[in-house]
Amino acid sequence: MTGLNIVVGVAGGIAAYKACHLVRFFTERGHSVTVVPTESALKFVGAATFEALSGNPVSTSVFDAVDQVQHVRVGQAADLVVIAPATADLMARMAAGRADDLLTATCLVATCPVVVAPAMHTEMWWNPATQDNVATLRRRAITVLEPAHGRLTGTDSGPGRLLEPGQIGEAALAVYAGAQIPRDLEGRKVLITAGGTQENLDPVRFIGNRSSGRQGFALAEIAAHRGAEVTVVAANTDDLPNPAGGTVVHRVLSARDMADKVGEVAGEQDVIIMAAAVADVRPAHQAAVKLKKGADSQALGQLELVENPDILAGLTEIRSTGIWEKNPVIVGFAAETGDDGATPLDHAVAKLQRKGCDLLMCNEVGAGKVFGQDTNSGWMVFPDGRVVDVLPGSKLEVAAQIMDEVVELMPPLSS
Ligand code: CTP
């Protein structure tokens, strides 16, 4: 994300000097910055400093550059408005809808995301007038960041300290990115499996796999941000925090646990994504006590295995009977290696047909690829023979590419 027009608003507080670092944060990332200080802000940092850092002229009054109708132009041209520091007085004026200087006029005109980073003494922050103003701004979809807790201007400390410029910059860009996400899964239910099942041999040992669950959780996060009601059935992903966006997470251990949980909720879904790595087999016998090397050498040395249910194939089979209230889009995942006879993509095409799903996301594994890594890439294959490249990116970026295709496959919502 580069090339945004960002307005950095600066109100009159001692923390105004930190706005200089915030301007730097944005320009270093390729964004164009216009600084709009209040008159009081210029008592702390001079206009020349802001002009030199941003490379753009600085003005405070609605009566500057009147011929260019500046009091509306700055807000109209903005992709993002970030105010740091925001004083109690500035937030009061914003909440009242005032436009008595260029910054408040810009806020009234702007239709882009507005992010406010407050800074003031603790008493002023906790004053009911300020808290009411913060609530009003948030109700209007302005993002008011919580101030940091720490040393204030004098010897006192408490909540009211301005966040560090990097924190404000990251938060503001995340708000901008969030606002660009389409809400094309509004009113839809999405079920996602994630992680890798474990099949117990005894209370200590199990058959498992290397899946981290992060791609499944990224899919859940994207689906929730796009408006879906998301349920995740997660196998052995305890080190991952729940995905953002109010997702319901059911934690399971084995393939059979996963099959049971998925079976309970599958019929009501619009989309089912089997991102979990499900163990194909499990030990035929699960010992209640730990097997011992000597006494149980037979059981340990010649493991008897039985096949697990194929959850994905089972889902597409049930769908074909038409007993569900909906006709969900069903997506499979495959981590493949090539071999002498076939490429990973050949294996993926055969697997899509075998499993009967509408889309199979395939990626190549082995030689250090994908498992446990932060990025992913691969191909999406479809029953009509189409193959779409999944461009390399973070697991969230890959999730967004998959979800774009899922949305295309979904029938329209019945009214
Ligand atoms: N899957 C499933 N139930 C299983 C095995 C796999 O639902 N018992 C799902 C996975 O969640 C994934 C897809 O099927 O979406 C492909 O998984 P994979 O392990 O690649 O498939 P297998 O049928 O086990 O094929 P292979 O022989 O290549 O392991």
Side-chain angles (χ1 to χ4, degrees), residues 190-200 206-220 223 231-237 250 252-267 269 271-284 305-320 328-366 369-371 376 378-383 390 395 398-399 402-403 405-406 409:
V190 176
L191 172 65
I192 297 166
T193 63
T197 66
Q198 288 180 5
E199 314 298 327
N200 283 346
F206 60 83
I207 297 173
N209 60 68
R210 295 180 200 278
S211 176
S212 69
R214 284 191 290 160
Q215 187 60 70
F217 275 47
L219 281 159
T231 306
V232 170
V233 180
N236 311 299
T237 56
H250 299 287
V252 297
L253 188 80
S254 69
R256 285 184 299 173
D257 297 343
M258 179 170 277
D260 289 347
K261 201 29 106 181
V262 166
E264 277 173 30
V265 292
Q269 305 298 321
V271 180
I272 303 173
I273 303 179
M274 285 293 306
V278 184
D280 295 322
V281 291
R282 66 178 183 275
L305 300 172
V306 292
E307 240 180 83
N308 270 329
D310 188 321
I311 306 171
L312 177 58
L315 288 170
T316 60
E317 205 175 308
I318 297 173
R319 179 179 64 173
S320 69
V329 174
I330 301 182
V331 177
F333 264 67
E336 300 288 349
T337 55
D339 51 44
D340 290 345
T343 65
L345 194 53
D346 295 334
H347 286 303
V349 170
K351 190 167 284 178
L352 172 89
Q353 282 160 3
R354 216 167 53 235
K355 304 258 180 180
C357 51
D358 306 306
L359 187 175
L360 189 91
M361 164 69 200
C362 163
N363 55 261
E364 191 176 3
V365 289
K369 283 186 180 155
V370 171
F371 275 120
N376 202 354
W379 310 271
M380 287 180 272
V381 295
F382 299 84
V390 175
K395 297 208 166 176
V398 165
I402 295 169
M403 216 51 86
E405 294 294 336
V406 167
L409 294 172

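Since this is a predicted model, take the numbers as computed values, not measurements. Numbering of ligands and ligand atoms starts at 1, following listing order.
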Looking at ligand 1, is there an atom of it that comes within less than 4.0 Å of some heavy atom belonging to Ala276? yes
Lys/Arg N to Asp/Glu carboxylate O, Arg319 vs Asp358, below 4.0 Å: yes
Report the nearest protein non-hydrogen atom to atom 12 (C) of ligand 1: residue, atom name, distance rounded to 0.1 Å. Phe333 O, 2.9 Å
Non-hydrogen atoms of His347 versus ligand 1: any pair closer than 4.0 Å? no
Ile330 and Leu312, any side-chain heavy atoms less than 4.5 Å apart: yes
Contact check: Thr193 vs ligand 1, nitrogen or oxygen atoms, below 3.5 angstrom: no
Asn363 and Glu336: side chain donor to acceptor below 3.5 Å: no
Note: heavy atom closest to atom 14 (O) of ligand 1, options Lys355, Met361, Arg354, Met274, belongs to Lys355
Indicate yes or no: at least one non-hydrogen side-chain atom of Lys351 is less than 4.5 angstrom from one of Leu360. yes
Just to confirm my output: which protein heavy-atom neighbour is closest to atom 3 (N) of ligand 1, and how far is it? Ile311 N, 3.0 Å
Examine ligand 1 and decide if any of its atoms is less than 4.0 Å from a heavy atom belonging to Glu307. no
Ligand 1 N/O within reach of Ala334 N/O, cut-off under 3.5 Å: no
With the side chain counted from C-beta on, respond yes when Val331 and Glu405 share a heavy-atom pair under 4.5 Å apart, and no when they do not. no
So do Asn308 and Asp280 actually touch side chain to side chain, heavy atoms under 4.5 Å? no
Check salt bridge (Lys or Arg N to Asp or Glu O under 4.0 Å) between Glu264 and all other residues, then give those that pass, not counting sequence neighbours. Lys261
If you measure from each heavy atom of Ala335 to ligand 1, is any distance below 4.0 Å? no
Should one rank Leu315, Leu312, Asp280 by closest heavy-atom distance to atom 7 (O) of ligand 1, which comes out on top? Leu312
Of the side chain and backbone of Pro309, name the one, both, or neither that has a heavy atom under 4.0 Å from an atom of ligand 1. backbone
Which residues satisfy the side chain to side chain contact (heavy atoms under 4.5 Å, CB included) test with Pro309, sequence neighbours excluded? Arg256, Ala259, Arg282
For atom 25 (O) of ligand 1, closest protein heavy-atom neighbour: Lys351 NZ, 3.2 Å
Which atoms of ligand 1 are found less than 4.0 Å from any heavy atom of Gly332? 15 (O)
Do Met258 and Val278 make a side-chain contact, defined as non-hydrogen atoms from C-beta onward lying under 4.5 Å apart? yes
